[in-house]
Q: 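Pasting a structure here, questions to come.
Note that this is a predicted model, so its numbers are computed, not measured.
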Amino acid sequence: MRRLSGETALAAAWIVAFAASLAVLFVGEVLGQMPCLLCWYQRVFMFPLAIVLGLGLWWQDARVGRYGVVLGLGGAAIALWHVGLYAGLIPEPIQPCTATGPSCTDENQLILGMPIPLLSLMAFALVVGLSALSLKESRS
């Protein structure tokens with residue numbers, strides 16, 4: 001089985017982070033859907049990923065994947081909490097999405113049949129995995 005090279009894994013992580021950043025900007029700025037509090041926190045982790053990983057590729061920094069892992073884990077933790085809220089595993093009083101404010105957990109907020117918090121969790125998981133793969137090669 002052919003292994004993914006460190007640079008290819010890092011490029012794939014950057015593509016995921018960049019695409020996710022563009023997607024949330026499109027939903028917020030073009031479609032006019034205001035993000036909830038947890039979506040804002042996830043953006044705090046995703047936006048720098050697109051910049052840091054991109055600069056790491058540009059400067060050919062083989063160790064930049066460690067920042068991808070750390071930022072990705074932070075964003076994934078918030079996204080996992082958000083998925084728990086969406087699935088009803090976390091009690092109602094803690095939910096940041098209110099009836100009067102923005103909510104990314106409404107049924108009309110599905111993208112490709114999946115809720116936004118789940119898509120965010122998947123994007124962060126991909127970035128973490130690919131960033132970790134990019135680090136394995138640089139140690140050998």
Side-chain angles (χ1 to χ4, degrees):
M1 186 165 111
R2 190 171 173 209
R3 290 189 50 208
L4 202 59
S5 75
E7 188 174 351
T8 304
L10 193 60
W14 174 75
I15 289 168
V16 170
F18 188 69
S21 296
L22 289 178
V24 297
L25 285 172
F26 179 80
V27 168
E29 300 301 318
V30 176
L31 299 180
Q33 300 293 327
M34 196 169 163
C36 73
L37 186 61
L38 287 180
C39 285
W40 275 117
Y41 292 153
Q42 289 167 69
R43 288 177 180 198
V44 165
F45 287 93
M46 187 59 75
F47 290 163
L49 275 169
I51 295 168
V52 169
L53 294 176
L55 288 174
L57 281 168
W58 180 269
W59 291 326
Q60 298 177 348
D61 182 358
R63 304 291 295 156
V64 76
R66 60 188 164 180
Y67 303 117
V69 170
V70 172
L71 286 169
L73 286 174
I78 296 169
L80 184 61
W81 179 266
H82 207 172
V83 169
L85 289 172
Y86 180 82
L89 301 173
I90 297 175
E92 190 76 24
I94 303 174
Q95 288 192 352
C97 301
T98 62
T100 58
S103 178
C104 53
T105 58
D106 291 340
E107 288 301 317
N108 64 347
Q109 291 292 327
L110 299 178
I111 299 174
L112 303 173
M114 292 186 275
I116 293 172
L118 181 59
L119 289 170
S120 176
L121 180 60
M122 289 172 27
F124 280 117
L126 272 170
V127 168
V128 168
L130 291 165
S131 293
L133 277 175
S134 78
L135 292 172
K136 284 188 175 258
E137 184 177 278
S138 65
R139 288 186 192 147
S140 5

Q: Once rounded to the nearest 0.5 Å, what's the spacing between atom CG of Leu37 and atom NE2 of His82?
A: 9.0 Å
Q: Once you round to the nearest 0.5 Å, how far does CG of Leu80 lie from CG of Leu118?
A: 10.5 Å
Q: Kindly work out whether a path of hydrophobic side-chain contacts (I/L/V/M/F/W/Y, heavy atoms less than 4.5 Å apart) joins Val70 to Val52.
A: no
Q: At what distance, to the nearest 0.5 angstrom, does OG of Ser120 lie from CZ of Phe45?
A: 11.0 Å
Q: Does the side chain of Leu53 come within less than 4.5 Å of Ser131's, by heavy atoms?
A: yes
Q: So Leu38 and Pro117, do their side chains get closer than 4.5 Å, heavy atoms only?
A: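 A side-chain contact is absent here, since even the closest heavy-atom pair is not under 4.5 Å.
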Q: Between Tyr86 and Ile116, is a side chain to side chain contact (heavy atoms under 4.5 Å, CB included) present by the stated rule, with each step listed?
A: CA-CA 10 Å; Tyr86 180 82; Ile116 293 172; over 6 Å; no
Q: Do other residues, nucleotides or ligands put more than 12 heavy atoms under 6.0 Å from Phe47 CZ?
A: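 Enclosed.
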Q: Would you mind reporting whether Met46 and Val24 have side-chain heavy atoms less than 4.5 Å apart?
A: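 SC-SC contact between Val24 and Met46 ruled out.
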Q: A side-chain contact here means heavy atoms from C-beta on lying under 4.5 Å apart; do Val64 and Leu55 qualify?
A: no
Q: Please report the interatomic distance CG(Leu121) to CH2(Trp81), rounded to the nearest 0.5 Å.
A: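 Nearest 0.5 Å value for the CG-CH2 distance: 14.5 Å.
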Q: Rounded to the nearest 0.5 Å, how far does CH2 of Trp14 lie from CD1 of Ile51?
A: 11.5 Å
Q: Please give me the minimum heavy-atom distance between Val127 and Ala13, naming the atom from each residue.
A: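 Closest pair (atom of Val127, atom of Ala13, distance): CG2-O, 3.7 Å.
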Q: Side chains of Trp40 and Val44: does their closest heavy-atom pair fall under 4.5 Å?
A: no
Q: Side-chain heavy atoms nearer than 4.5 Å, only ILVMFWY residues, links allowed to pass through others: does that put Ile78 and Leu126 together?
A: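 Per the 4.5 Å side-chain linkage, Ile78 and Leu126 are co-clustered.
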Q: What is the distance from atom OH of Tyr67 to atom CG of Leu49, rounded to the nearest 0.5 Å?
A: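 Answer for the OH-CG pair, Tyr67 versus Leu49, is 13.0 Å.
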Q: Can you name the closest pair of heavy atoms from Phe124 and Ala79 and give their distance?
A: CD1-CB, 4.3 Å
Q: Determine, using the 4.5 Å side-chain heavy-atom cutoff (strictly less than), whether Val30 and Leu119 are members of one ILVMFWY cluster.
A: yes
Q: Where do Ala9 and Ser134 come nearest, in terms of heavy atoms and distance?
A: CB-N, 3.9 Å
Q: Search all heavy atoms of Gly68 against all heavy atoms of Val128 and return the closest pair with its distance.
A: O-CG2, 4.4 Å
